Amino acid sequence: MSMSAGRNNAPTRPRGFSDAAAGRALLMERDPACARDIARVLRTVVGTTDVRDNFSAIEWQGKWDVAVINYDQLSQSEKDRVFTRFSELNASGGLLLFAAQTEREELVTLFGRHKARKLLARNGPVHAEDLLVTVQKTLRKDIFGLDKYLGWGAHARRLSVTSSSDKEHVLAGCQSLADAIGLSARKTELLLTVADELTTNALYDAPVDALSRARHAGLPRSERVELAPTEEIAVTFASDGRRIGISVEDPFGSLRPETVVDYLAKCFRRGTDQIDRKEGGAGLGLFYAFNSLSHFVANIEPRKRTELIGLIEIAGSFREFEQRAKSFNVFVEE
Amino acid sequence: MNSSKLSVATTALDAGTLVRVEGTIDESTEIQTLLPAGAEVVIYDLDGVKRITSYGVLQWVKALKELRARYYGFMRCRPCIVRQFNMVAGFGKQGEVLSVYLPYFCEGCDAEFENLLDLRADFVIAQTASPPEVRCPTCSAVAEFDDVPKSFLAFSSDYPKPHPPELAVRLISEALRTAAPRMRSLSPPMRSSLPSPAIPVPISTRNIATFTNPDSRSLSLPPSATTMKSHGGSPESVDRLRKLQDDLDVTRDRLNKMIKDRKSKT
């Protein structure tokens, strides 16, 4: 292995060079070629990038703003140790795991036991744009917007939702975009599922009163709800030809990161508690959205707003879509 | 505006009921429409189900919990339904999965189509996660099974080989006999020991999928035995589909005649 532990790979910058790059990143990757590719991306946005190929050589006490780790290369004990040692970094959203394989059991552990907040799918070579966006959002705390995940120039369509009856317009809009770009029938069905679940979540689960008590969560979803004009939900959908995405943003900011991962873990476990017995929804909405997507993003500004973004890869067959690992990111803007 | 509202049609046969479900199962789904009163045997024909939401799953599971039938099963389950069997524990409760559509994709034509798998006869295909080779109905090239076989057919470990009672078999035959207008076979049917051959169904026309079942001809029901509980004017949409199918048949016949004429001239 050519890389040496502890080597500082930050490039020397010329005097007077204006550079906003700051922060310190750790990269744990055993494949030299991959390490080179990922480090190249990291160095464009992070001041210092330390590359490690040996798990035991990591300085756990090091002050990392972001740690990028190839999860597939770790042994079971190493996987556990990552979360123990990086518990603070994980809680602050700085722990980013690459994974090519995410079996159901693994997801139960990742979400249930470890409360993992950031997974990046690795389907073939590392996707530079996704890595860049994820690291930038983590470091800069500029987290909102579907546009960050789509190529420049993608035309976004925006709908305002204040009533449960508006959901039909959202579904019709998604269907229309899917038809326009020639999205396959099965992927269109997934897109509609995501649009349905995220909009329902924003209408029934997100609204809270001044004391942060849920206003509609206990209602049957067949019961109509109306929001005040100032509480409108913004639904945006767009495609850049590579992906089709939907964003649903509510002005409540009531979703907690732990709620997202706990619900996912509960649903992946497939136990007797998989479907909620309580009044209101089935508690499956986020799980359905996750399963229907290539990339699921939750942006949360507590008590202010929540944005849930879903992205579906357009190219390739449904089989390829199902075979690929999924990305999952939760960002919190304090 | 929402053209995929759920419609449920029931057909009674002795102590059994065939329940045909079409559209999207969601928050507007009323549990009672899925529960035929007093039926001992219930067959759910899910051929027309387009989508199911998480709240729809809740409604569905509640309905099955209230169902008092001594036997029930699910036939012609679309991939969106198969996904539920795989994702949600107890989605089918004690019911049997009788037949599912296998999704295929032809890369050359960039087209999706589905093929019916009768689990009564070909359960081993599901058990071994080995979907049969199928040719594209348009170009005849070998199509790709458009899902991950092991995960798509994973439900077979929770739902064993179905053994429907005689009345259920008659209801299944009735469902196949009265399915919306029949399409001609566009390609050789897949390898199967099915009593009724499965015909590839292009996605765009999947709601008018048809099957042949010689046994079902012996069945005759009074028209009044079929009832439609509609949430969105489904009888009209069925009529439209029938008309569309008739038009398609006429066009196909014309094309065949033109091809024949051209051949005879050359």
Side-chain angles (χ1 to χ4, degrees), chain A residues 103-104 164-165 167-169 171-172 175 182 184-197 199-201 203-204 219-224 263 267-277 280-292 316-324, chain B residues 1-5 24-31 49-62 65 78-84 86-91 101 103-107 110-114 131 143-152 154 158 202-206:
Chain A
E103 298 292 329
R104 188 171 67 88
S164 44
S165 60
K167 199 168 74 174
E168 277 194 27
H169 301 289
L171 296 178
Q175 179 76 59
S184 72
R186 290 184 75 195
K187 285 185 185 172
T188 300
E189 180 208 311
L190 295 186
L191 178 71
L192 295 178
T193 296
V194 174
D196 203 319
E197 300 297 346
T199 311
T200 301
N201 176 75
L203 282 161
Y204 289 87
L219 295 178
R221 282 13 178 187
S222 50
E223 197 162 313
R224 186 185 166 98
Y263 264 101
C267 293
F268 276 115
R269 216 175 281 125
R270 293 190 81 209
T272 49
D273 62 343
Q274 191 185 27
I275 300 178
D276 282 353
R277 299 284 187 268
L284 292 168
L286 296 174
F287 172 64
Y288 269 48
F290 179 92
N291 273 312
S292 306
S317 65
F318 196 87
R319 180 186 186 135
E320 288 169 303
F321 170 83
E322 284 288 76
Q323 277 171 329
R324 286 177 186 156
Chain B
M1 182 166 179
N2 190 345
S3 58
S4 56
K5 285 277 182 203
T24 301
I25 303 175
D26 59 12
E27 66 275 5
S28 64
T29 302
E30 287 169 29
I31 293 174
V49 176
K50 291 191 168 75
R51 195 163 62 80
I52 180 163
T53 67
S54 64
Y55 198 73
V57 168
L58 184 66
Q59 298 293 83
W60 173 261
V61 171
K62 275 183 187 170
K65 214 171 164 184
R78 293 287 174 190
C80 67
I81 293 291
V82 176
R83 246 174 115 78
Q84 312 309 318
N86 290 324
M87 284 200 311
V88 181
F91 178 76
Y101 282 102
Y104 286 88
F105 177 70
C106 174
E107 205 168 342
D110 191 26
E112 299 167 290
F113 60 95
E114 293 168 358
E144 179 190 319
F145 181 70
D146 200 15
D147 211 308
V148 181
K150 202 176 151 197
S151 52
F152 186 83
D158 291 335
I203 292 278
S204 57
T205 54
R206 66 186 192 179

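Every value quoted in this text rests on a predicted model; they were computed, and no experiment measured them. Chain naming here is simple, since letters A, B, ... match the order of the sequence lines and numbering starts at 1 in each.
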[X] versus chain B, heavy atoms under 4.5 Å apart: side chain, backbone, both or neither?
| X | answer |
| --- | --- |
| A/Leu192 | both |
| A/Gln274 | side chain |
| A/Glu197 | side chain |
| A/Phe287 | side chain |
| A/Thr188 | neither |
| A/Phe318 | both |

Shortest non-hydrogen contact from [X] to [Y]?
| X | Y | answer |
| --- | --- | --- |
| B/Glu112 | A/Ala185 | OE1-N, 2.8 Å |
| A/Leu284 | A/Cys267 | CD2-SG, 3.7 Å |
| A/Ser317 | B/Asp146 | CB-OD1, 3.3 Å |

Query raised in the report: Can a salt bridge be assigned to the pair B/Glu114 and A/Arg186 using a cut-off of 4.0 Å between side-chain N and carboxylate O?
Result: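 Salt bridge absent between B/Glu114 and A/Arg186.
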
Name the region of [X], side chain, backbone, both or neither, that has any atom closer than 4.5 Å to a heavy atom of chain A.
| X | result |
| --- | --- |
| B/Gln59 | neither |
| B/Phe152 | side chain |
| B/Val61 | side chain |

Query raised in the report: Is atom CD of B/Glu107 surrounded by more than 12 heavy atoms (other residues, nucleotides or ligands) closer than 6.0 Å?
Result: no

Query raised in the report: Any side-chain heavy atom of B/Ile52 within less than 4.5 Å of one from B/Phe91?
Result: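 When only atoms from C-beta onward are counted, B/Phe91 and B/Ile52 do touch, with a gap below 4.5 Å.
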
Query raised in the report: What residue, out of A/Ser184, A/Ser164, A/Gly271, has the most heavy-atom pairs lying under 4.5 Å from chain B?
Result: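 Option with the greatest count: A/Ser184.
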
Requested in this report: Take the angle between the ring planes of B/Tyr104 and B/Phe113 and call it parallel below 30°, perpendicular above 60°, tilted in between.
Outcome: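 Taking B/Phe113 first and then B/Tyr104, their aromatic rings lie parallel (interplane angle under 30°).
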
